[in-house]
Student: 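One structure coming up, written as structure tokens, with questions to follow.
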Amino acid sequence: MQKTFTEFSTNATLKIGDEELLESYKTPKQPELYTFIRTTNFKAEIIVDSMPYTIEPNSILALTVVQFFQFVSGKDLVVYQFNREFYCIKDHDQEVSCAGLLFFGNVHIPIIELDAKERRKLDVLQEVFLDELETKDTIQAEMLRMLMARFIIISTRLLKAKEGFVETAKNTKIDLLREFNMLVESHFKIEHSVSFYADKLFKSPKTLSNNFAKLKTSPLQIIHERIILEAKRLLIYTDKTAKEIAYDVGFDDASHLSRLFKKHTDLSPSDFKKQLKKVF
């Protein structure tokens, strides 16, 4: 089952379906669409950036447009896919935007478990989604965006509860982490220093470090992990040499990337590539 909404004036696209929507990802590639995978009665197996994930029954996983995704198995899934023009250009609250907590607020990919109450709520929402896709009028696009916002709000609340985020009038630590992650996503190929990002956020490097320590990470760790992730993606999914990859992620000297890569993986980029050949 697959239903598609398109808005020609904005090039907006929304796709709603089941596992058939994921069949084109039997080989790894970047989705080009923000993607939610919701399991119902059965688990699903996927690979994201070469790492295998099991999505247990009655769970949600969110994917961004930059990750390499491969669908391995799963059935009775609920899948939502949309492009920036459909949702991200709207003025949503920061927490539920395309720069929000689900997509850029975590170092690792979150998998959200659903209790019986939340499952019923999302089942009803899915029925409304499908009904609205059949309603062709001038406000259909806005209604579909409102429904997607509701899905993302529900998922974000569940994620915050899972991660133990404490609600305050302004959740400063979460906002700061998300803004930092977004800046790193935009600049990590050129800027590797904490001070650059601290200046952009009008904070001192020490303030960033103190805030992130409470979230069990550090600014430098996030920068380095993003560089290593990109290097791994290029090693796995392209034929670029270690030297070319080093330049791609902002190192004039390939040995600098090699040292950083080895520190995080215990392997040099070339040894990592050799291991891949043995596996595949």
Side-chain angles (χ1 to χ4, degrees), residues 22 24-35 37 43-55 61-74 102-111 177 180-197 208-209 212-213 215-280:
L22 305 178
S24 63
Y25 300 96
K26 284 296 187 180
T27 55
K29 64 180 180 179
Q30 291 173 304
E32 297 181 353
L33 297 170
Y34 289 85
T35 299
I37 301 172
K43 68 180 180 180
E45 302 285 346
I46 65 171
I47 298 172
V48 182
D49 290 327
S50 80
M51 294 292 295
Y53 289 86
T54 298
I55 314 174
L61 178 139
L63 296 168
T64 70
V65 295
V66 299
Q67 293 158 316
F68 278 85
F69 165 65
Q70 182 177 358
F71 176 59
V72 179
S73 65
L102 287 168
F103 298 113
F104 288 105
N106 290 266
V107 176
H108 304 292
I109 297 172
I111 297 178
L177 177 61
F180 185 83
N181 278 338
M182 283 299 296
L183 282 172
V184 170
E185 190 64 35
S186 298
H187 300 286
F188 76 92
K189 292 183 180 179
I190 301 171
E191 300 290 347
H192 299 167
S193 69
V194 174
S195 60
F196 169 84
Y197 298 99
L208 286 184
S209 295
F212 288 4
L215 297 171
K216 298 180 181 178
T217 187
S218 74
L220 191 60
Q221 180 181 343
I222 291 172
I223 296 166
H224 285 173
E225 286 182 348
R226 186 62 185 90
I227 293 168
I228 297 303
L229 175 58
E230 190 69 15
K232 283 182 175 179
R233 284 175 177 164
L234 294 172
L235 286 165
I236 294 167
Y237 300 114
T238 75
D239 293 324
K240 289 186 176 184
T241 66
K243 186 175 182 180
E244 290 171 326
I245 291 170
Y247 290 149
D248 281 349
V249 295
F251 290 99
D252 292 330
D253 188 337
S255 65
H256 294 163
L257 174 62
S258 184
R259 284 196 294 271
L260 180 65
F261 197 93
K262 193 165 186 176
K263 179 181 177 181
H264 282 259
T265 68
D266 294 326
L267 294 168
S268 68
S270 52
D271 287 339
F272 181 82
K273 190 80 170 179
K274 289 175 186 174
Q275 275 205 350
L276 291 175
K277 291 178 180 178
K278 291 179 183 177
V279 173
F280 298 106

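This structure is a prediction, so every number in the text was calculated from the model and none was measured.
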Student: So which atom in Ile46 and which in Phe71 form the shortest heavy-atom distance, rounded to 0.1 Å?
Tutor: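 Ile46 and Phe71 have their closest heavy atoms at CG2-CD1, 4.2 Å.
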Student: Output, in order, the C-alpha distance, side-chain angles, deciding distance and verdict of side chain to side chain contact (heavy atoms under 4.5 Å, CB included) for Tyr237 and Lys29.
Tutor: CA-CA 8 Å; Tyr237 300 114; Lys29 64 180 180 179; over 6 Å; no
Student: Of all heavy-atom pairs between Val72 and Lys26, which one has the smallest distance, and what is that distance?
Tutor: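 Distance-wise, the nearest heavy atoms are O-NZ, 3.0 Å.
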Student: Could you measure the distance from the CD1 atom of Ile228 to the CD atom of Glu230? Nearest 0.5 Å is fine.
Tutor: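 Between atom CD1 of Ile228 and atom CD of Glu230 there are 11.0 Å.
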Student: Grab the two heavy atoms, one from Ile55 and one from Ile111, that are nearest each other, plus how far apart they are.
Tutor: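 Looks like CG2-CG2, 4.2 Å.
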Student: Please lay out, stage by stage, how Arg233 and Leu229 fare under the test side chain to side chain contact (heavy atoms under 4.5 Å, CB included).
Tutor: CA-CA 6 Å; Arg233 284 175 177 164; Leu229 175 58; 3.6 Å; yes
Student: To the closest 0.5 Å, what do you measure between CG (Leu61) and OG1 (Thr35)?
Tutor: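 One finds 9.5 Å between CG of Leu61 and OG1 of Thr35.
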Student: Which heavy atom of Thr27 sits nearest to which heavy atom of Gln70, and what is that distance?
Tutor: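 Residues Thr27 and Gln70, closest heavy atoms: C-CG, 4.3 Å.
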Student: Which atoms form the tightest heavy-atom contact between Leu208 and Pro219, and what is the distance?
Tutor: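 So the two residues come closest at CB-CG, 3.7 Å.
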Student: Going by side chain to side chain contact (heavy atoms under 4.5 Å, CB included), name the residues that satisfy it together with Ser255, two or more places apart in sequence or in a different chain.
Tutor: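 Listed in chain order: Asp253, Arg259.
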Student: Nearest 0.5 Å, what's the CD1-CG distance between Ile223 and Asn181?
Tutor: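 So the CD1 of Ile223 and the CG of Asn181 are separated by 10.0 Å.
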Student: State which residues pass side chain to side chain donor-acceptor pair (under 3.5 Å) with Gln30; sequence neighbours excluded, sorted by chain then number.
Tutor: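 Partners of Gln30 by the side chain to side chain donor-acceptor pair (under 3.5 Å) criterion come out as none, since no residue qualifies.
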Student: Using ring pair (Phe, Tyr, Trp, His ring centres under 6.0 Å) as the criterion, list what pairs up with Phe69, not counting sequence neighbours.
Tutor: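 By the ring pair (Phe, Tyr, Trp, His ring centres under 6.0 Å) rule, Phe69 matches Tyr25.
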Student: With sequence neighbours left out, write down each residue that passes salt bridge (Lys or Arg N to Asp or Glu O under 4.0 Å) with Glu32, or none if nothing qualifies.
Tutor: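 In terms of salt bridge (Lys or Arg N to Asp or Glu O under 4.0 Å), with neighbours along the sequence ignored, Glu32 is linked to no residue.
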Student: Just how far is it from atom CD1 of Ile236 to atom CZ of Phe272, taken to the nearest 0.5 Å?
Tutor: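 Between Ile236 CD1 and Phe272 CZ, I get 4.0 Å after rounding to 0.5 Å.
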Student: Holding to side chain to side chain donor-acceptor pair (under 3.5 Å), I want the full list of residues that pass it with Thr238, two or more places apart in sequence or in another chain.
Tutor: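 Thr238 satisfies side chain to side chain donor-acceptor pair (under 3.5 Å) with no other residue.
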Student: Distance from His187 atom NE2 to Met182 atom CE, nearest 0.5 Å?
Tutor: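 One gets 9.5 Å once the value is rounded to the nearest 0.5 Å.
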Student: Applying ring pair (Phe, Tyr, Trp, His ring centres under 6.0 Å), can you list everything that pairs with Tyr247, at least two apart in sequence or on another chain?
Tutor: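 Result, ring pair (Phe, Tyr, Trp, His ring centres under 6.0 Å) vs Tyr247: none returned.
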Student: Run the ring pair (Phe, Tyr, Trp, His ring centres under 6.0 Å) test against Phe188 and tell me which residues pass, sequence neighbours left out.
Tutor: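 Partners of Phe188 under the ring pair (Phe, Tyr, Trp, His ring centres under 6.0 Å) test: none.
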Student: Sequence neighbours left out, what passes side chain to side chain donor-acceptor pair (under 3.5 Å) with Ser186? Give chain and number order.
Tutor: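 Side chain to side chain donor-acceptor pair (under 3.5 Å) list for Ser186, sorted by chain: empty.
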Student: Which residues satisfy the ring pair (Phe, Tyr, Trp, His ring centres under 6.0 Å) test with Tyr197, sequence neighbours excluded?
Tutor: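 Phe180.
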Student: Can you list everything that forms a side chain to side chain donor-acceptor pair (under 3.5 Å) with Ser270? Sequence neighbours excluded, please.
Tutor: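 Listed in chain order: Ser268.
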Student: Could you pull out all residues at least two apart from Lys243 that satisfy salt bridge (Lys or Arg N to Asp or Glu O under 4.0 Å)?
Tutor: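 Counting only residues at least two positions away or on another chain, Lys243 forms no salt bridge (Lys or Arg N to Asp or Glu O under 4.0 Å).
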Student: Quick check: closest heavy atoms across Thr241 and Glu244, and the distance to 0.1 Å?
Tutor: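 Closest pair (atom of Thr241, atom of Glu244, distance): N-OE1, 2.8 Å.
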Student: Among all residues two or more places apart in sequence or in another chain, which pass the salt bridge (Lys or Arg N to Asp or Glu O under 4.0 Å) test with Asp248?
Tutor: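 Once residues adjacent in sequence are excluded, the partners of Asp248 under the salt bridge (Lys or Arg N to Asp or Glu O under 4.0 Å) criterion are Lys240.
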Student: Is there side-chain contact between Ser209 and Ser218, with heavy atoms separated by less than 4.5 Å?
Tutor: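 A side-chain contact under 4.5 Å is absent here.
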Student: Can you tell me how far OH of Tyr34 sits from OG1 of Thr64, rounded to the nearest 0.5 angstrom?
Tutor: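 Rounded to the nearest 0.5 Å, the OG1-OH separation comes out at 7.0 Å.
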Student: With Leu260 as reference, evaluate Lys262, His264, His256 under the side chain to side chain contact (heavy atoms under 4.5 Å, CB included) test and give the passing residue.
Tutor: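 Checked Lys262, His264, His256 against Leu260; only one passes side chain to side chain contact (heavy atoms under 4.5 Å, CB included): His264.
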Student: For the residue pair Ile227 and Leu257, establish whether any side-chain heavy-atom pair is separated by less than 4.5 Å.
Tutor: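 The answer is yes; the side chains approach within 4.5 Å.
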Student: Check the pair Leu235, Phe261 against side chain to side chain contact (heavy atoms under 4.5 Å, CB included), reporting the backbone distance first and the verdict last.
Tutor: CA-CA 12 Å; Leu235 286 165; Phe261 197 93; 3.8 Å; yes
